[in-house]
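These notes are about the structure you will find just below.
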Number of protein chains: 2
Amino acid sequence: MVTMREVAGLAGVSITTVSHVLNETRPVAESTKERVLKAIEETGYTGDAIARSLVTGGTKSLGLAVSLVSHPYFAELIAAIENEATSAGYTLVLIDTRDSADSEQAAVRMLRSRRVDGVLLTPTSGSAALPELRRLGIPTALVDRLTLGQDIDQVGPENVQATSALVTHLAELGHRRIGLVTGTPGLATTDERVLGYRLGLGRAGLKWDESLVGTSLEPMLGSVTGVVVSDHQVLIDVLHQARARGVRIGADLALVTYGEVEWADLVDPPLTTMSQPVEEIGRTAVRLLLSRIADPERPPETIRLAPELKHRHSCGCHPTPASTTSHPPERR
Amino acid sequence: MVTMREVAGLAGVSITTVSHVLNETRPVAESTKERVLKAIEETGYTGDAIARSLVTGGTKSLGLAVSLVSHPYFAELIAAIENEATSAGYTLVLIDTRDSADSEQAAVRMLRSRRVDGVLLTPTSGSAALPELRRLGIPTALVDRLTLGQDIDQVGPENVQATSALVTHLAELGHRRIGLVTGTPGLATTDERVLGYRLGLGRAGLKWDESLVGTSLEPMLGSVTGVVVSDHQVLIDVLHQARARGVRIGADLALVTYGEVEWADLVDPPLTTMSQPVEEIGRTAVRLLLSRIADPERPPETIRLAPELKHRHSCGCHPTPASTTSHPPERR
DNA sequence: CCGGACTGCGCAAGCGATTGCGTCGGACAC
DNA sequence: GTGTCCGACGCAATCGCTTGCGCAGTCCGG
C-alpha cells in the first residue's frame, strides 16, 4: 500500500502537511497543496482508514446486525440503509444475528471490536446484546422490531392501529368470526399485532377467541370466515394451506395480510395488504443513529411509521373508492 | 474502550503476555494464563481489531460490492455469503455499486482504504474497478455476473445451456415461434442467455428472428406462442402485461422463466422456472476468495453452477414424470 | 531597528495492538 | 561451583496516521 510517507516524499513536504491538505485541518499554501495533490494523484494514494481510525477513535462505519434469514423486507431495508449510510460517508458492516441470542451477542461483540461508530439492530427476543450496548454507551438504534421502553432510539412500523384497521375492515364486510395467523411468537412485532387484533375485535364488538389465533391457518379453517395474516413468512404457508384444502380466498375466506409483496397483485385474487414503509424505516433508522452519534445526550426517540392499506380483492370486496363505507350484507 | 494495558495491569503481567495468551502464539504458564483470562473476563475486553489490523496488515474482513437495487436474489445471496464468511472468521463490509461504473469505482476505493482482505464483486458493465483491483493484486472473486476471460476467480450460474434447455422445452411442446424477454442489456448474464436462446433455437431447427427478442413482452405479443423470460425483474412486468392484455399464461402463451421466486407456485398457473443455486453460488464465491487470499498464486477458477428446471404449469404442459418425452401436438 | 503578529510547516508523541530479541531464574550435567 | 539450557516473560520498535506545540520567516507599526 502507498502510504502518506511516500506521498510526502514525492511532494517534498512532511507527512504532517499531507495530512493537513487531506483533511483541510489547517491552511496550507496553495502551491504546496497542489504539489501534494499531484503526488496523491500519481501514487494512487487512498489513505488508510485503519490507521486513521486508530488515532481518531472513530471508524466512520456502522454495524448492521439483523436477522438475514427471517427478515421479509430484508433486501429493501438494507438497500435503504446502505444508501443513507453511504451518502453520510459511513460504511456498513453487515452481520447476521441468525435470530438467536447467542449469535446476536457474538455479532455485537464483533462489531464492538471493529469499533463501529454505531449499531443498527433488529433485536432477537431475549436479546442480551441490547443491555450490553447500552451499558457501554455505544450509539444504537433499533430497526423494525421495537422494545416497549422509550429509552432507546428506534424506528418501526405502527402495528397496533394498523392491525386493528385490518380487523375493522373485515368486520365492516360483515365477518363475525375473524382469525389471526401470526408469525414467530415472542417477537415484539408479533405481540403488537396480536394486541391490534384484539383492539380491532373490541371495536367491532367481537369477542376474543383463543382458538382463532395461531401460527397456522389449518386449525381455524372451518370456524372462520375472515382471517388476518400478520407476517410475510406465514402468508405463503397460509396461501398453500388454503389451496391444498380447496378454500377459495376472497370467496370462501376473506384474507387481509401484512407483507406487501411484489406479487400481491399477481395471484388470484390479488391480495389486500398492509404495506410497510420499509424504505423510510431504513432511512429514518440511519438518521436517528447518526444524530445520536453526533449528540449522545439527545433524548431517545421512538418513531412509528404508519403502514398503508393496499386495497385489493382478497378481502372479498372489489375495491371501489367508497367501498368501506357501504353497508355490506351480514354473514354467518 | 478497555485496552490490553488494563487487562495486563489487572493480571499483573505485561501486554506482551496478554497478547500471547490471546493468540496462543507462544507458551504461557498455566497459572498466568488463567489470571489473564480472568482479567479479560472481568473487564469485558474484546480486543481492538483496528489496532490489530494496523500491525498485522490483514483485517479479517471481506468487501461485498454488489448492486443492491438490481439483484433479484440479493437477500438469499447475501445471507449465504455472510454465513460462509462469518464461519471462516471474516466480517463483511457491504457496499452498493448502484450498478454504475462510478459508484463501483468509489465503492472499491472505499474497500481498499478499509483494507479488506478480499473483494466479492458483481461487476457493472464497463467496470473500471476490476482492472484496478487486479493491478493492485487485491484478491477478488466475481459473483453472479461473470467476465468472459478465465483469468479471475468467478462463480455464477450456467446460462447458455440452461437457457437453451428452456427453449428446447418449449420447442418440444410444439412451439415454433418462441420469444425471449431479457433483463438489462449489456450485462454478461443477459448476453449469455441470449446466446443460449439462439443455441436452443438452432437445436430445435428454428430461426432467429430479431423481432422476437426484447426487454418487453408487449411488442411480440401477437406473433409468439411461447416465451422465455430471462430475468426476475422482467418477469413481473411480463406477467402484468399478459394480464392487462387478457393473455392467459399456459393456455394462450406458454411461459418459462428464470427467477425461482417464492410465489412461483402461488400464481395461476404455477410458473415453470429455471432455479438458480443461489446459496451455493454465494458459498462458493466466498470459498474461492478465501482460498485465493490463502494462496495468491493459485490459478484462477471459473465455476458455473447449473440451474435446475422446476417444472410447473406455465409452460402449458402438466408436469408428469415423463411428460417431456412424449410427442406433443404441432402448433401454429 | 526592534518586537509582535501571522503565515506556513515540521517534530514527535501518541492510538492499541504484534513480535523479534533479551533477560532472568532455576534445573541439570559436569 | 560453574556452565548450559530452557521455560516464562518483558522491552521497545513498529504499523500509518492525527495533532499539539514550536520554530523560522515575513511584514508592519512605532
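Letters go in sequence order (proteins before strands), and every chain restarts at 1.
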Check against salt bridge (charged side-chain N to carboxylate O under 4.0 Å, His left out), A/Asp153 and A/Arg287: CA-CA 10 Å; A/Asp153 289 305; A/Arg287 293 214 185 114; over 6 Å; no

Audit row: A/Arg115, B/Asp48, salt bridge (charged side-chain N to carboxylate O under 4.0 Å, His left out) steps and yes/no: CA-CA 7 Å; A/Arg115 281 217 203 157; B/Asp48 185 329; 2.3 Å; yes

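A/Ser127 and A/Glu104 are linked by a side-chain donor-acceptor pair at a separation below 3.5 angstrom, with hydrogens and angles left out of the test. For the residue pair B/Thr16 and B/Ser19, no side-chain donor N or O sits within less than 3.5 Å of a side-chain acceptor on the partner. Remark: the B/Glu132 side chain and the B/Gln105 side chain contain an N/O donor-acceptor pair separated by less than 3.5 Å. With 3.5 Å as the limit, one finds no donor-acceptor pair spanning the side chains of B/Ser67 and B/Arg98. Looking only at atom types and distance, the side chain of B/Thr140 has no donor-acceptor partner in the side chain of B/Arg134 under 3.5 Å away. Remark: the B/Thr43 side chain and the B/Glu6 side chain contain no N/O donor-acceptor pair separated by less than 3.5 Å.
Comparing B/Ser14 and B/Leu54 by the nucleotide of DNA chain D that holds the closest heavy atom to each, the one mapping nearer the 5' end is B/Ser14.
Residues from residues 29-37 of chain A that place a heavy atom under 4.0 Å from any atom of DNA chain D: there are none.
Comparing the end axes of the helix from C/dC1-D/dG30 to C/dC30-D/dG1, each fitted to five base pairs by superposing C1' atoms of four pairs onto the next four, gives an inter-axis angle of 60° (nearest 10 degrees).
B/Gly47 comes within 4.0 angstrom of sugar-phosphate atoms only, judged by non-hydrogen atoms across all strands, and of no base.
Along DNA chain C, read 5' to 3', the first and last nucleotides having any atom under 4.0 Å from a heavy atom of chain A are C/dG8 to C/dG16.
Scanning both residues, B/Ala39 and B/Leu10, for their nearest heavy atoms gives CB-CB, 4.0 Å.
Note that the OG1 atom of A/Thr302 and the CD atom of A/Gln154 stand 4.0 Å from one another [nearest 0.5 Å]. Going from atom CG of A/Leu64 over to atom OG1 of A/Thr91 covers 12.5 Å, rounded to the nearest 0.5 Å.
One can place CD1 of A/Ile50 at 16 Å from C1' of D/dT14, the figure rounded to the nearest angstrom.
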Base-contact (B) and sugar-phosphate-only (S) positions in nucleotides 18-28 of chain D, heavy-atom cut-off under 4.0 Å, - elsewhere: SB-B-------

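A search for salt bridge (charged side-chain N to carboxylate O under 4.0 Å, His left out) contacts involving B/Arg283 returns B/Glu279, not counting sequence neighbours. In this view, B/Glu280 satisfies the salt bridge (charged side-chain N to carboxylate O under 4.0 Å, His left out) rule with no residue, not counting sequence neighbours.
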